[in-house]
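When reading the values below, keep in mind they use all heavy atoms of this one structure, side chains included, and skip hydrogens, waters and symmetry mates. Below, chain A is the first sequence line, B the second, and so on; all start at residue 1. From a predicted model like this one, the values you see are computed outputs, not experimental measurements.
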Amino acid sequence: MRFSQYLVTTSKEASREAECVSHQLMLRAGLIMKFAAGIYSYLPMGYRVLARITSIIEEEMERIGAQRLLLPFVQPAELWKKSGRWESWGEELVRFKDRKGADFVLGPTHEEVITQLIKQQINSYKKLPVIVYQVQAKFRDEPRARGGVIRAREFLMKDAYSFCQSKEEAKVIYEKMKEAYQRVFSRCLLDYRLVEADTGTMGGEFSHEFIILTNSGEDRIVECERCGYVAKLERAVCITDEAEKGERKPVKEVSTPGIRTIKELSHFLACQERKTLKTIFYETDKGLIAVLVRGDHYVNEEKLRLLLKAKELKLASDNLTRKEIGAEIGFVGPVGLDRNKLVVDNTVMQGKNFVTGANKKDVHLINVNPNRDFEPTLTGDIRFPVLGDSCPLCGNETKIKRAIELGQIFHLGEGYSSSLGATFLDKMGKEKYFIMGCYGIGVSRLLAAVIEQNYDKDGIIWPKEIAPFQAVVIATSPDTARAAEGAYLRLKKAGIDTLWDDRDVSAGTKFSDADLLGIPFKVILGNIFLKEDKIEIKTRRRGEKEKVGRNGISQRIKELVKDAE
RNA sequence: CGGGGCGUAGCGCAGCCUGGUUAGCGCGCUUGCUUUGGGAGCAAGAAGUCGUGAGUUCGAAUCUCACCGCCCCGACCA
């Protein structure tokens with residue numbers, strides 16, 4: 001490809017819009033162009049990378065026997081009504097009517113559609129198991145798009161679905177898929193982690209997520225740098241420290257006029273936030289519940305819901321709380337709440353002499369102690385971890401870091417097949433629901449993720465497997481322009497994806513652009529060529545240089561590509 | 001949805017507070033000449049509904065109001 005004719009514009013300056021490294025570099029290197037919040041075009045250079053990632057995915061999917069297909073982007077609402085997700089998804093699901101007034105959605109994911117397809121296509125165990133996948137645009141009307149293609153509303157996704165006869169068979173495929181994902185991410189040169197995940201709106205029985213650690217990430221994880229424990233913040237187990245030592249002092253009322261928040265309280269009484277307690281009311285299908293966590297902690301509502309075995313759980317309104325305890329918000333405490341269920345976080349049970357609200361306006365209690373001043377109905381781990389919590393595996397101090405999710409795999413079970421009535425006949429002639437799994441990779445997001453882990457001050461450093469071009473030919477003087485064209489033609493003939501920088505710009509510009517674009521090998525024809533009749537090769541990643549005769553250029557680049565990262 | 005910021009040429013910005021000729025600067029773009037080993041120089045050019053709408057005013061990029069869009073933090077979400 002001739003650079004002068006290629007639809008790419010590079011830029012020295014970063015766009016004001018872009019905050020994170022990958023977003024800035026993608027804009028500067030001319031990979032993408034924004035049309036609206038979270039809606040992007042991929043320019044030829046960006047599309048080349050997408051195509052290469054897609055072909056890696058295709059190879060790894062085919063390796064485990066998955067079959068590629070293509071499902072509709074626009075889906076009839078009927079299927080979503082059957083699965084229940086017409087109601088359970090909020091505004092993220094884009095809904096519209098066609099000219100006849102029929103409801104449709106823009107596909108944010110394809111469990112419904114694929115289940116319907118398999119239901120009609122497969123009636124017998126003889127065709128099972130089956131794994132299918134596609135690479136397609138998805139649309140999710142996110143409340144807030146961010147980080148360029150890290151969280152876009154329209155994005156490219158690889159989604160795979162498996163249909164099995166039994167849970168055992170499904171687990172085998174789940175493991176195969178996990179390995180395939182590991183190969184895909186390794187080939188993209190990603191330093192990823194595998195963590196347990198919640199099943200969220202997909203439903204299902206268990207799930208794993210592949211993530212990379214980076215400051216541009218939007219998810220938070222807990223990591224132990226000693227033993228390598230990594231977990232999503234909401235999944236991380238909070239272990240309880242040893243019981244605090246010391247005397248239990250007598251409870252005393254203190255006047256705290258107008259002091260409502262934990263911050264104000266700890267400031268006013270000159271105590272640490274960890275010495276205070278928060279009392280929060282939740283409305284649940286099991287009634288109104290009082291929940292107690294330390295002042296410096298936050299309630300993990302999902303953990304709480306599981307502990308209570310509740311279906312519904314939401315924060316009680318201020319009015320309801322006020323009515324229940326007859327006191328102002330900000331002065332709520334556990335002492336004397338006998339008629340309410342009281343769920344207490346483990347950490348609270350280990351502490352002594354806490355400050356809490358007195359359930360009276362402008363009054364707090366000091367020296368409140370669990371099992372003396374209040375009795376929990378239930379105790380458990382119901383909080384999010386905080387910086388410095390002990391690692392649940394080795395006890396070392398943990399850190400909280402940011403991460404990007406690359407992909408997630410779910411064991412779904414029978415959820416979708418039962419709601420959509422998708423069955424097959426087993427060996428005994430008995431009708432059974434398909435056991436399903438679904439597996440996603442954010443393909444467009446992978447571009448950003450790879451850049452987050454492969455760049456330097458000069459620009460992107462593409463791993464060879466997904467580089468848009470393997471080599472860029474640069475003539476640094478008009479005198480070597482013809483020879484450069486010759487080298488370009490040789491490389492092209494040898495089947496090497498090569499960009500020929502035939503622009504009439506300075507050598508410096510060509511070098512800078514080659515670096516920004518992240519092309520693994522620069523093939524340079526300049527002074528050295530004129531003096532020694534040698535072509536110079538410079539690697540992007542390590543900056544290593546070597547000289548080679550003009551006849552050996554294709555052969556040498558092939559060798560270098562083979563050995564490169 | 002809450003908080004903060006922004007909207008002026010393709011991109012990055014100045015001008016706005018304190019209203020007043022033809023709205024500037026840098027990058028990029030076009031033409032010519034000289035250049036070409038790490039983002040060249042000179043010269044000449046093209047390019048703007050100042051986000052939209054209303055209002056105040058003799059006069060609005062500038063002041064007022066409403067709306068739209070975008071970015072960041074959070075909520076939300078995978």
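The listed nucleotides are B:G39, B:C70, B:G12; the one nearest the side chain of A:Ala37 is B:C70. Residue A:Glu19 places its side chain closer to B:C72 than to any other of B:G74, B:G37, B:C72. Nearest to the side chain of A:Ser15, among B:G39, B:G12, B:G38, sits B:G12. Closest to the side chain of A:Ala36, out of B:C70, B:G12, B:G38, is B:C70. Minimum atom distance to the side chain of A:Glu13 is reached by B:G26, of the listed B:C70, B:G39, B:G26. For A:Arg146, the side-chain atoms get nearest to B:C72 when compared with the rest of B:G37, B:C72, B:C77. For A:Glu17, whose side chain is taken as the heavy atoms from C-beta onward, the closest listed nucleotide among B:A40, B:G37, B:C70 is B:C70.
Across all strands shown, A:Glu218 has no heavy atoms under 4.0 Å from either base or sugar-phosphate atoms. Using a 4.0 Å heavy-atom distance criterion, A:Ala14 is classed as a sugar-phosphate-only contact. Across all strands, A:Lys538 comes closer than 4.0 Å to base atoms (heavy-atom distances). No contact: A:Arg235 has no heavy atom under 4.0 Å from any strand. Residue contacts shown for A:Glu91 are absent, as no nucleic acid heavy atom lies under 4.0 Å away. Within the nucleic acid shown, A:Arg445 has no heavy atom closer than 4.0 Å to any nucleic acid atom. Contact annotation for A:Ile524: base contact, defined as any heavy-atom pair under 4.0 Å involving a base atom.
With hydrogens and angles ignored, the 3.5 Å screen pairs a side-chain donor or acceptor of A:Arg28 with a backbone N or O of A:Ser11.
Rounded to whole Å, atom C1' of B:C76 lies 14 Å from atom CZ of A:Arg140. A:Arg540 places its CZ atom 17 Å from the P atom of B:G38, with the value rounded to the nearest Å. Atom CG of A:Leu43 and atom P of B:C11 are 14 Å apart (whole Å). Taking atom CZ of residue A:Phe35 and atom P of nucleotide B:C70, one finds them 14 Å apart after rounding to whole Å. For the pair A:Phe529 CZ and B:G37 C1', the interatomic distance rounds to 15 Å; values are reported in whole Å. Atoms NE2 (A:His23) and C1' (B:C70) sit 11 Å apart, rounded to a whole Å. As rounded to whole Å, 13 Å separates atom P of B:C76 from atom CZ of A:Arg151. For A:Ile32 and B:C11, the CD1 to C1' distance is 15 Å, given to the nearest whole Å.
When both distances must be under 3.5 Å, the Watson-Crick or G-U wobble mate of B:G69 is B:C6. The partner of B:A14 cannot be assigned: no Watson-Crick or G-U wobble pair with both contacts below 3.5 Å exists in any strand. Here B:U22 sits opposite no nucleotide as a Watson-Crick or G-U wobble pair (both hydrogen-bonding atom distances under 3.5 Å). The partner of B:C76, taking Watson-Crick or G-U wobble pairs whose two distances both stay under 3.5 Å, does not exist in any strand shown. B:A60 is unpaired under the criterion used here, namely a Watson-Crick or G-U wobble arrangement in which both key atom distances are under 3.5 Å.
Atom C1' of B:G41 sits at a distance of 29 Å from the matching atom of B:A23, rounded to the whole Å. B:C67 sits 14 Å from B:G7 when the C1' atoms are compared, rounded to a whole Å. Separating the C1' atom of B:C50 from that of B:G15 is a span of 11 Å, rounded to the nearest Å. Taking the C1' atom of each, B:A61 and B:C16 are spaced 7 Å apart, rounded to whole Å. Using atom C1' as the reference point in both B:G38 and B:C76, the two lie 47 Å apart (nearest Å). Comparing the same atom, C1', in B:G51 and in B:A9 gives a spacing of 15 Å after rounding to whole Å. A distance of about 9 Å separates the P atoms of B:U18 and B:C63, rounded to the whole Å. Separating the P atom of B:C71 from that of B:C11 is a span of 14 Å, rounded to the nearest Å.
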- Task: Apply the test salt bridge (Lys or Arg N to Asp or Glu O under 4.0 Å) to residues A:Lys138 and A:Glu154: give CA-CA distance (whole Å), side-chain angles for both, the deciding distance (0.1 Å), then the verdict.
- Result: CA-CA 6 Å; A:Lys138 300 282 186 265; A:Glu154 182 180 326; over 6 Å; no
- Going through the distances and angles, do A:Asp502 and A:Ser4 end up as a side chain to side chain donor-acceptor pair (under 3.5 Å)? CA-CA 6 Å; A:Asp502 61 332; A:Ser4 63; 2.6 Å; yes
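The neighbour count for A:Lys81 NZ, taken as heavy atoms of other residues, nucleotides or ligands under 6.0 Å away, is above 12. Heavy-atom neighbours of A:Arg95 CZ from other residues, nucleotides or ligands within 6.0 Å: above the threshold of 12.
The side-chain contact (heavy atoms from CB on, under 4.5 Å) with A:Tyr282 is formed by just one residue from the set A:Val291, A:Leu308, A:Val343; it is A:Val291. The side-chain contact (heavy atoms from CB on, under 4.5 Å) test with A:Thr398 singles out one residue from A:Val222, A:Val230, A:Val386, and that residue is A:Val222.
Because its NZ or CZ atom is not both nearer than 6.0 Å to the ring centre of A:Tyr298 and within 45° of the ring axis, A:Arg383 does not count as a cation-pi partner of that residue. The cationic group of A:Lys176 does not satisfy the cation-pi geometry with A:Tyr181, failing either the under 6.0 Å distance to the six-membered ring centre or the 45° limit from the ring axis.
Side-chain atoms of A:Asp513 come within donor-acceptor range of the base of B:G39, with a qualifying N/O pair under 3.5 Å. In this model, no side-chain donor or acceptor of A:Arg144 finds a partner on the base of B:G3 within 3.5 Å.
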What N/O pairs connect the protein and nucleotides 4-8 of chain B at under 3.5 Å? Give each pair on its own line.
from: B:C6; atom 1: O2'; to: A:Arg16; atom 2: NH1; distance (Å): 3.0

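A close approach under 4.0 Å does not occur between any side-chain nitrogen or oxygen of A:Ser477 and OP1 or OP2 of B:G37. At the phosphate of B:G39, neither OP1 nor OP2 sits under 4.0 Å from any side-chain N or O atom of A:Ser512.
Relative orientation of the A:Phe185 and A:Phe210 rings is tilted, given thresholds of 30° and 60° on the angle between their planes.
Aromatic rings of A:Phe206 and A:Tyr174 (six-membered ring for Trp) have centroids within the 6.0 Å cut-off, being under it.
A 4.5 Å side-chain heavy-atom check between A:Tyr455 and A:Leu25 finds at least one atom pair inside the cut-off.
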- Item | Letter per nucleotide, 5' to 3', of nucleotides 28-34 of chain B [B base touched, S only sugar-phosphate touched, - untouched; heavy atoms, 4.0 Å] | -------
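The salt bridge (Lys or Arg N to Asp or Glu O under 4.0 Å) test applied to A:Arg193 returns A:Glu223, not counting sequence neighbours.
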